[in-house]
Each structure stands twice: as C-alpha cells, then as structure tokens.
Amino acid sequence: MKKNEKSYSFFDDVFEVVKLIPKGRVTSYGTIAKYLGTKMSARMVGWAMNAAHTHTKVPAHRVLNRNGLLTGKHHFETPTAMQDRLEKEGVKVENDQVVEFKKLFWDPSIELF
DNA sequence: GGTCTGACCGGCG
DNA sequence: ACGCCGGCCAGAC
C-alpha cells in the first residue's frame, strides 16, 4: 500500500473527507472532488461512495449533488434510508431535496482549512 | 484486453 | 431559461 505514492487512491481521501463531515451537515460530490484536486472527476466521488458505504462506515447520506438533491438515495439499503438519516440528524429534507442546503453546506477547504 | 457505464459538474446552443 | 454534450477515473462484463 505504501509502496508508491501513486498507489494512493483518492477513494481513500473521499472516505476520510466524508467521515469528517459533521453531523447535521451536507456537502456535494463536486466540492469533495475539488478539495481533492480532481474537480472534474466528481463522478468518481460518487462511485467511491458506492464502494464506501458497502465496505466502510461512511455517511454517504451527507453527500449530495450540487443541487442538494438526494441523488444516491436509491443506492442505499432502502430508498428512504438517506432521507431518514438526514432528518434524524436534524437536516430537513423535502421532495428528496435538502432544505437550506446552502446553509448546511460543509466546505472541507473552509472547515478543515 | 477493449468497451461501457456510473450516486457528477460545467460549458455551450 | 432549458437541454444537450463532453470530460475525468475506475470498476465490471
């Protein structure tokens, strides 16, 4: 794993960042991707989430698309798991969309500095 | 080993 | 303002 720095996949970075997301906060795939330096590869972030939530404990429900829409809710154990968890953490969700998404937005480049 | 898709984003018509 | 298309990386068939 530590053989080469190149071996380091940004997938692991995604897991780390997502796990650092405070409870009751949300972010977008593009934001994480941008924070990792691969803003163009926002798709990979979502892809990483797929593998992440299946293998590791990653709050993928706190990660949404730039619209604040629960795009990946259909990939959870249940279609309502994502929304249910968000509401459980105090995040209001309406019509598969996070209310005050802009306000609850969590920017790693700012929060983590 | 080549091809396609995928939980996205940004730009252009 | 809405809709379409291209791009990036990695995994699956």
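The basis for the numbers below is simple: all heavy atoms, side chains too, and nothing from hydrogens, waters or symmetry mates. Order of the sequence lines sets the chain letters (A, B, ...), proteins ahead of strands, with each chain counted from 1.
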So, the side chain of [X] versus the backbone of [Y]: is there a donor-acceptor pair under 3.5 Å, distance only?
X: A:Thr78; Y: A:Ala81; answer: yes
X: A:Ser28; Y: A:Leu64; answer: no
X: A:Thr54; Y: A:Asn50; answer: yes

Within the 4.0 Å heavy-atom criterion, would you say [X] contacts the bases, only the backbone, or no part of the nucleic acid?
X: A:Ala51; value: nothing
X: A:His53; value: base
X: A:Phe11; value: sugar-phosphate

Quick test of your reading of the model: are A:Arg62 and A:Glu89 salt-bridged, counting only N-O distances below 4.0 Å?
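Salt bridge flag = yes for A:Glu89 with A:Arg62.
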Nearest whole angstrom, please: distance from the [atom2] of [N] to the [atom1] of [X].
X: A:Asp96; N: B:dA7; atom1: CG; atom2: P; result: 15 Å
X: A:Trp47; N: B:dT5; atom1: CH2; atom2: P; result: 11 Å
X: A:Gln83; N: B:dA7; atom1: CD; atom2: P; result: 19 Å
X: A:Met44; N: B:dG6; atom1: CE; atom2: P; result: 12 Å

Base versus backbone protein contacts along nucleotides 8-13 of chain B [heavy-atom cut-off under 4.0 Å; B, S, -]
BSB---
Heavy-atom distance under 4.5 Å between the side chains of A:Asp107 and A:Tyr35, does that happen here?
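The answer is no, as the side chains (C-beta and beyond) never meet within the 4.5 Å cut-off.
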In dot-bracket form, 5' to 3', how is DNA chain B paired? Count Watson-Crick and G-U wobble pairs only if both distances fall under 3.5 Å, and write | where the partner sits on another strand.
.|||||.||||||
Are A:Gln97 and A:Asn67 close enough, and set up right, to give a side chain to side chain contact (heavy atoms under 4.5 Å, CB included), and what steps lead you there?
CA-CA 8 Å; A:Gln97 188 175 348; A:Asn67 291 323; 5.6 Å; no
Aromatic plane relationship, A:Phe76 with A:His61 - under 30° parallel, 30 to 60° tilted, over 60° perpendicular
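The arrangement is perpendicular - the two ring planes meet at more than 60°.
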How would you list, by chain and number, every residue that makes a ring-ring contact (aromatic ring centres under 6.0 Å, His included) with A:Phe105, sequence neighbours excluded?
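Counting only residues at least two positions away or on another chain, A:Phe105 forms a ring-ring contact (aromatic ring centres under 6.0 Å, His included) with A:Phe101.
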